[in-house]
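Sequence lines set the chain letters: A, B, ... in the order given, protein chains first and strands last, and positions in each chain run from 1. Hydrogens, waters and symmetry mates are skipped; everything else that's a heavy atom, side chains included, is used.
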2 protein chains.
Amino acid sequence: MNVHFLIIPLYQNNTIMAKLQKSKDKREALVKATICLVNNDGFHAAPMSKIAKMANVSPATIYLFFESKQDLVNKVYLEVKTAFSAYAFETFTTNMEVEAGFELIWNRIADFKLKDPDEAMFLAQCDNTPMIDEPSRQEGIKHLQPLLDLWHRGKEEGVIKPISDYLLYAYSINPLSFLMLAQHRGECSINEQTITEAYQAAWDSIKL
Amino acid sequence: MNVHFLIIPLYQNNTIMAKLQKSKDKREALVKATICLVNNDGFHAAPMSKIAKMANVSPATIYLFFESKQDLVNKVYLEVKTAFSAYAFETFTTNMEVEAGFELIWNRIADFKLKDPDEAMFLAQCDNTPMIDEPSRQEGIKHLQPLLDLWHRGKEEGVIKPISDYLLYAYSINPLSFLMLAQHRGECSINEQTITEAYQAAWDSIKL
DNA sequence: GATTAAAAAATGAACGTTCATTCTTTTTTA
DNA sequence: TAAAAAAGAATGAACGTTCATTTTTTAATC
């Protein structure tokens, strides 16, 4: 059996890595700038020139990473949504009891919103406006499948009310987004106690 | 004692009335067009020219009624919010029991959203984006005072949970807006049964 | 290790378009 | 016929996007 090696000189490898990293840094800076500006001004009041300036990059450079402004926000949305879902379901397994699973996921979602408030805020705005195009929105929704599955099982087992997924979503998950919004506007502050109270209310509203 | 009359010829009076009505009609058409276009495209993707066209009016005519585009959406927001609040509290009196008052107001809000889905949708979008300026937003919030007062009384009487107004709002009222949004996207349909289920979940989540 | 030239990446200025708003003209009203 | 209302064309600013150019990187040669 022959074993082949691809031999790359160390100095070259290093520069390639450094190169890739620099490129990644720029892209990440653009993503962060987009989230920040869209959160504060809204999609259409966040011009490409401003996004570029905040990311310390030329407007033209944006088009090396993204096809258009619409493509930029679509991609940012999908990436943030993916990170959000990964975090929400990270410690969840499908063999859990429904109530335990719900509590776990609910708290992970709350954690995410505390940990990355800007990303959470951005998602809330994407989900509430005609800012993201339909295919990307559909793609983003798919990531919540584990939660939908859990709800379906909960309904079959008679643990949660036989109401629609939208109602379940509205009563258990969505209110957190409203709180985030209020916090962003400086009208309230989310802390340990708020989170606990919110979970209690969430469970009370959906349990059978 | 002298009594004075202002005598207006009937024909003139009629035309003045007709004149005023025509003016009112145009303004109303502009308001309706704004709501419709903002709902479907968002604030910044709803150009004045398009609003004018939908209202069968010249772009310049808009400026006879409103100072600017910002002034237009601010005024539309406040008018819709005022109509919404008036409807929500119309049959409510402060001497009602907390639970009865809450049920009444909750159902009136639901009714409004069924009756005027476009207006409700517009309010939801205003409340979730940086589209309305801060003074107008503050002004709009004031209209919900009767509901806040009812909650405070409910907390004092030990009828509802001692949680913040934002949480109460998020769990009892806000989910309806989420349902409206889903309905607008064709993802669900709100009917008698949904409304009843939603009310049950709302009360369960806030009652002590 | 230094030099150099080709290639790649990044830039800022420029373009065409679109928008909110204004101005001048036309139409309607009294 | 004078005044008021409405219209549509005109305007300047701002935007997304592109393009010609500059800067940086790469790799070969001396």
Quick one: do B/K32 and B/E119 make a salt bridge, cutoff under 4.0 Å?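 So B/K32 pairs with B/E119 through a salt bridge.
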Between B/D71 and B/K75, is there a salt bridge with N-O shorter than 4.0 Å?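 B/D71 and B/K75: salt-bridged.
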Rounded to whole Å, how long is the line connecting atom [atom1] of [X] with atom [atom2] of [N]?
| X | N | atom1 | atom2 | value |
| --- | --- | --- | --- | --- |
| B/F66 | D/dA6 | CZ | P | 13 Å |
| A/N56 | C/dG12 | CG | P | 11 Å |
| A/Y63 | C/dG12 | OH | P | 16 Å |
| B/L72 | C/dC19 | CG | P | 16 Å |
| A/R27 | C/dA9 | CZ | P | 15 Å |
| B/I62 | D/dA7 | CD1 | C1' | 12 Å |
| B/L30 | C/dT21 | CG | P | 14 Å |
| A/D71 | D/dG16 | CG | P | 14 Å |

Taking for each residue the nucleotide of DNA chain D with the nearest heavy atom, is it A/S49 or A/A60 whose nucleotide lies nearer the 5' end?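 First, find each residue's nearest nucleotide; the 5'-ward one identifies A/S49.
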Nearest-nucleotide comparison on DNA chain D, the residue closer to the 5′ end among B/P59 and A/P59: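 On the 5' side of the pair lies B/P59.
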Exercise: identify the closest heavy-atom pair between B/I109 and B/I173: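 Closest heavy-atom pair between B/I109 and B/I173: CD1-CD1, 3.9 Å.
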By nearest atom, which of the nucleotides [options] is closest to the [X] side chain?
| X | options | value |
| --- | --- | --- |
| B/L64 | D/dA6, C/dT11, D/dG8 | D/dA6 |
| B/P47 | D/dT17, C/dC19, C/dT21 | C/dC19 |
| A/K26 | C/dT21, D/dA7, C/dA10 | C/dA10 |
| A/V57 | C/dA20, D/dG16, C/dT11 | C/dT11 |
| A/S68 | C/dT11, C/dT21, D/dT17 | D/dT17 |

Does a side-chain N or O of A/K69 approach OP1 or OP2 of D/dT17 to a distance below 4.0 Å, or not?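 For D/dT17, neither OP1 nor OP2 has a side-chain N or O of A/K69 closer than 4.0 Å.
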Side-chain N,O (A/T61) to OP1/OP2 (C/dA10) below 4.0 Å: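 No, because none of the side-chain N or O atoms of A/T61 sits under 4.0 Å from OP1 or OP2 of C/dA10.
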Please name the nucleotide paired to C/dA30 by Watson-Crick or G-U wobble geometry with both distances under 3.5 Å, or report none.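 Partner of C/dA30: D/dT1.
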Whether the A/K113 and A/S177 side chains hold a donor-acceptor pair (N or O, under 3.5 Å, no angle test) is what I'd like checked.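 The answer is yes; a qualifying pair exists.
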Using only heavy-atom distances, determine whether the side chains of B/E134 and B/Q138 contain a donor-acceptor pair under 3.5 Å.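 Present: a donor and an acceptor within the cut-off.
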